[in-house]
Amino acid sequence: MTEANESRRVVGALIRDPYDRIFVQRRSAGRPLFPDCWDVVGGAVEEGESLLDALGREITEETGWRLRRVLALVAHEEWTADGLRHVESDYVVEVDGDLASPELERDKHTEFAWVTAAEVSLLDENSPGGSNFIKDVVTAAHAWLANTSGKRHKVL
């Protein structure tokens with residue numbers, strides 16, 4: 001259990017498809033934290049779990065896909081929600097599975113989209129308190145992909 005003065009480690013997966021689009025999913029309206037907002041796949045790191053193990057677990061739990069490889073760490077941010085400080089690391093990743101048919105956790109996520117760099121304004125919809133956090137990390141993923149376009153993607 002995390003005490004009030006501690007922070008919670010969180011990972012986010014910026015899943016890319018062969019067209020360099022990034023996968024996002026809408027949180028259900030009943031979620032206590034960030035209801036009805038667009039989000040990336042991810043969540044809290046469990047005790048004894050590495051960041052990359054948590055990343056793989058969250059991808060499988062939230063989509064049914066399997067982590068193939070991590071391409072880059074593109075964001076490392078701190079944020080506070082419900083009085084708890086979160087330290088989030090967001091990675092551009094590739095996955096194995098049917099990218100057209102994610103197995104969403106329907107009680108937690110109601111829909112999904114593949115977002116191009118030109119479409120990131122979609123992520124402004126219902127953003128909590130006008131926060132640009134999700135839009136910023138998706139934009140960081142697109143920037144990294146654009147900077148490595150035509151080059152061989154390095155594996156972390």
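The structure displayed is predicted, hence computed values, not measured ones.
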Indicate yes or no: does [X] engage [Y] in a salt bridge with an N to O separation below 4.0 Å.
X	Y	value
Asp96	Arg66	no
Arg57	Glu46	yes
Lys135	Asp124	yes

[atom1]-[atom2] distance between [X] and [Y], expressed to the nearest 0.5 angstrom:
X	Y	atom1	atom2	result
Leu67	Asp53	CG	CG	9.5 Å
Ser50	Leu55	OG	CG	9.0 Å
His86	Ser7	NE2	OG	9.5 Å
Arg21	His142	CZ	NE2	10.0 Å

Under a 3.5 Å distance rule, please check whether [X] uses its side chain to pair with a backbone N or O of [Y] as donor and acceptor.
X	Y	answer
Thr60	Gly56	yes
Trp79	Val87	no
His76	Val74	no
Thr148	Leu145	yes

Flag for Arg9-Ser89: side-chain donor and acceptor within less than 3.5 Å: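 Judged by distance alone, the side chains do pair up.
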Check: Gln25/Glu111 side-chain N/O donor and acceptor closer than 3.5 Å: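 The criterion, which ignores hydrogens and geometry beyond distance, is not satisfied for Glu111 and Gln25.
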Got [X] and [Y] here, is their nearest side-chain heavy-atom distance under 4.5 Å?
X	Y	result
His109	Glu62	yes
Lys108	Arg31	yes
Arg8	Arg85	no
Phe112	Arg26	no
Leu14	Val138	yes

Nearest heavy atoms of [X] and [Y], plus distance in Å:
X	Y	answer
Val115	Val24	CG2-CG2, 3.6 Å
Ala29	Pro35	O-CB, 3.3 Å
Val40	Ala13	CB-O, 3.8 Å
Gly12	Asp90	CA-OD1, 3.2 Å
Glu58	Gly42	OE1-O, 3.3 Å

Verdict with reasoning, Arg27 to Asp36, per side-chain contact (heavy atoms from CB on, under 4.5 Å): CA-CA 5 Å; Arg27 296 171 66 89; Asp36 207 30; over 6 Å; no
side-chain contact (heavy atoms from CB on, under 4.5 Å) assessment of Val11 paired with Val45: CA-CA 7 Å; Val11 292; Val45 178; 3.9 Å; yes
Report the residue from [options] that forms a side-chain contact (heavy atoms from CB on, under 4.5 Å) with [X].
X	options	result
Ile134	Thr139, Leu123, Val120	Leu123
Phe23	Leu99, Thr63, Ile59	Thr63
Tyr91	Val137, Leu71, Leu52	Leu52

Pair Val93-Val41, side-chain contact (heavy atoms from CB on, under 4.5 Å): steps then yes or no: CA-CA 11 Å; Val93 302; Val41 170; over 6 Å; no
side-chain contact (heavy atoms from CB on, under 4.5 Å) between Ile15 and Trp65, intermediate numbers included: CA-CA 10 Å; Ile15 301 168; Trp65 299 328; 4.0 Å; yes
Val70 reachable from Val10 in the ILVMFWY side-chain graph, under 4.5 Å edges: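 No; Val70 is not reachable from Val10 via cluster members.
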